[in-house]
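Any value given below was found using the heavy atoms of this structure, including those in side chains, with hydrogens, waters and symmetry copies removed. Reminder, nothing fancy here: chain letters follow the sequence lines and each chain counts from 1.
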Number of protein chains: 2
Amino acid sequence: MGLFSKKKSISVQTIRRLPQYLRVLYDWHGYGRELASSTELAQETQVPPIVIKKDLQAIGAPSKMRAGFKIKGTISAIENFLGWDNLNKAFLVGAGHLGAALLGFSGFKNHGLEIVAAFDTHPERVGNEIHGVHVYHTAQLKSVIEEKKLKIAVLTVPGPAAQGITDTLVACGIKAIWNFAPVKLAVPPDVAVQQEDIASGLAELCAQLKRK
Amino acid sequence: MGLFSKKKSISVQTIRRLPQYLRVLYDWHGYGRELASSTELAQETQVPPIVIKKDLQAIGAPSKMRAGFKIKGTISAIENFLGWDNLNKAFLVGAGHLGAALLGFSGFKNHGLEIVAAFDTHPERVGNEIHGVHVYHTAQLKSVIEEKKLKIAVLTVPGPAAQGITDTLVACGIKAIWNFAPVKLAVPPDVAVQQEDIASGLAELCAQLKRK
DNA sequence: ATCATATGGATATAAAAATATCTACATCTT
DNA sequence: AAGATGTAGATATTTTTATATCCATATGAT
């Protein structure tokens, strides 16, 4: 064992389950509860207790033998692991239906995300506010990003426009893109892209339906 | 080998990749192209060629040795596998921001889904049309489902309302629920539920960002 | 004080998914 | 006509992820 301890990588599946645990833990914490066992969490989340145990161990959640995991400490551990303990300034490109819906979703502040600006090219949208967020013209991307020190991009533009906007974002130094356009983006290796493809979920549902 | 050939189950990951292939294939088919190799598809989708090969083999896509997969036949194979070759009548419960955005998304008709009704409880929404879809009061769920022979439910209600609505849907005989509420639904085993949790994707992005 | 019990911790096993390797063959080039 | 090449097909291997098993321990009941 050398100086550089090999950091055990945490699986994508584990990461995707963490917000689910977090919601239940917030709830219980609100009721003043202090401890929760993996079996109790399992009942609420329908995730097997062994999986929960392993997930929470992986991120180093504090626990009490025989009694379960400490709720407050586990919340902190998850929030810290995800960086949700302080807000990242984000912006949205493409203020269409989906974009507007995301701007109206108040829950992001609990998830480390604060959307403080929006961009679009449609004249009837530019200059207005949507759910309290000002809509700039896309041409102003660079200046506003620098001025407001924005870090995370939420992409809700039509597919054909996505790669072009992405190139601009990369040129502006953006390192994280949450992409709702049904297009695989090409980016340098130091830029994180999270692809949301609504069709994948629908495909899963339809495949389930066909099997039954 | 007996009478009952064991149907090899197709992995969830494969199913989630199929729509991605489909988009590229539609595009190429539109240009009159007839054959596509897994390496070419790999370039476009950023999915490794071996994975593509295995996925397409799994659903029995037709191919030509040395030349690749037949585009038209592969489109048919994917559409057939997902049941996207004929439209399922669907409805949406909860015509808020997200619900309205989904109603405005025209792409579902290419994905076997036709949303023909919406439901809500807010008086200012009931009776109106959103993107051409009529909004009924939630109390009318049962009668409208039966009258219009609706099959698939899209749930975009607030979390606390989700389980109650689900119980009603199950009582109405609905067998497929696409759930956008951040709640795990309890349903009988013959009902398919697909959970969409926007927080999971955000968690993935934030975890990536922290690593870099 | 003693014992039963439910839990996290650690390890081992199994299952699923991704990746690599090799073969046969149809097409193209020469 | 002969050979090189890039492909699907089949199989094997590795990696990842999920699940099971056993153990030590803190808690609560007796």
Side-chain angles (χ1 to χ4, degrees), chain A residues 1 6-18 20-21 24-25 28 33-75 77-78 200 203-204 207-208 211, chain B residues 1 5-18 20-21 24-25 28 33-74 77-78 200 203-204 207-208 211:
Chain A
M1 191 128 87
K6 142 173 38 173
K7 57 178 159 186
K8 56 183 170 187
S9 71
I10 288 174
S11 86
V12 173
Q13 320 297 334
T14 294
I15 291 167
R16 293 184 65 89
R17 282 187 293 262
L18 293 179
Q20 206 179 332
Y21 306 149
V24 178
L25 293 172
W28 287 347
R33 228 174 120 175
E34 297 189 350
L35 290 167
S37 72
S38 53
T39 46
E40 290 166 320
L41 258 173
Q43 279 196 322
E44 201 70 21
T45 60
Q46 296 178 37
V47 174
I50 308 180
V51 174
I52 295 178
K53 197 166 40 162
K54 265 195 48 178
D55 287 346
L56 295 184
Q57 279 177 17
I59 61 165
S63 59
K64 282 187 75 175
M65 183 64 80
R66 170 68 176 82
F69 289 88
K70 298 182 186 175
I71 289 179
K72 191 163 188 181
T74 303
I75 288 174
I78 296 176
S200 291
E204 266 193 81
Q208 276 187 66
R211 265 200 303 269
Chain B
M1 189 127 90
S5 69
K6 134 171 46 168
K7 57 178 158 186
K8 55 184 170 188
S9 70
I10 287 173
S11 84
V12 173
Q13 321 296 334
T14 294
I15 291 168
R16 295 184 63 89
R17 281 186 293 261
L18 293 179
Q20 205 180 332
Y21 305 150
V24 177
L25 294 172
W28 287 348
R33 227 174 121 175
E34 296 191 351
L35 290 167
S37 71
S38 52
T39 46
E40 291 167 320
L41 259 173
Q43 278 195 323
E44 201 70 20
T45 60
Q46 295 177 37
V47 175
I50 309 179
V51 173
I52 295 178
K53 197 166 38 163
K54 265 195 47 177
D55 286 347
L56 295 184
Q57 278 177 17
I59 62 165
S63 59
K64 284 186 74 175
M65 184 63 83
R66 169 68 176 85
F69 289 89
K70 299 182 187 174
I71 289 179
K72 192 165 186 180
T74 302
I78 295 176
S200 291
E204 267 194 79
Q208 277 187 64
R211 264 201 304 268

Could you grab the distance from atom CD1 of B:Ile59 to atom NZ of B:Lys54, nearest 0.5 Å is fine?
14.0 Å

Shortest non-hydrogen contact between A:Ile78 and A:Leu25, atoms and distance:
CD1-CD1, 4.2 Å

B:Arg17 side chain N/O closer than 4.0 Å to the phosphate oxygens (OP1, OP2) of C:dA17?
no

Using the side-chain contact (heavy atoms from CB on, under 4.5 Å) criterion, which residues pair with A:Gln13? Sequence neighbours excluded.
A:Ser11, A:Arg17

Between P on C:dT13 and NZ on A:Lys54, what's the gap in Å once rounded to a whole number?
15 Å

Taking all heavy atoms of B:Ala77 and all of B:Ala61, pick out the closest pair and write down the distance.
CB-CA, 4.1 Å

What pairs with A:Gln208 under side chain to side chain donor-acceptor pair (under 3.5 Å), at least two apart in sequence or on another chain?
none

Given protein heavy atoms under 4.0 Å, the one-letter contact record of nucleotides 1-8 of chain C, with B base, S sugar-phosphate only and - none, is simply ----BBBB

Once you round it to whole Å, what is the distance between C1' of C:dA14 and CD1 of A:Ile50?
12 Å

Heavy atoms of A:Phe69 and A:Ser63 approach each other most closely as CD2-CB, 3.6 Å

Output every pair passing salt bridge (Lys or Arg N to Asp or Glu O under 4.0 Å) with a member in residues 56-72 of chain A, not counting sequence neighbours, ordered by first then second residue.
none

For chain A and DNA chain D, what are the first and last nucleotides along the strand, 5' to 3', with at least one atom under 4.0 angstrom from a heavy atom of the protein chain?
D:dT17 to D:dT27

May I have the distance from A:Gln13 (atom CD) to C:dA15 (atom P), rounded to whole angstrom?
19 Å

Please list, one pair per line, the donor and acceptor atoms closer than 3.5 Å that link side chains of residues 35-52 of chain A to other protein atoms, with sequence neighbours excluded.
| from | atom 1 | to | atom 2 | distance (Å) |
| --- | --- | --- | --- | --- |
| A:Ser37 | OG | A:Thr39 | OG1 | 2.8 |
| A:Ser37 | OG | A:Glu40 | N | 3.2 |
| A:Ser37 | OG | A:Glu40 | OE1 | 3.2 |
| A:Glu40 | OE1 | A:Arg33 | NH2 | 3.0 |
| A:Glu40 | OE1 | A:Ser37 | N | 2.8 |
| A:Glu40 | OE2 | A:Arg33 | NH2 | 3.2 |
| A:Thr45 | OG1 | A:Leu41 | O | 2.7 |
| A:Thr45 | OG1 | A:Val47 | N | 3.3 |
| A:Gln46 | NE2 | B:Leu185 | O | 3.4 |

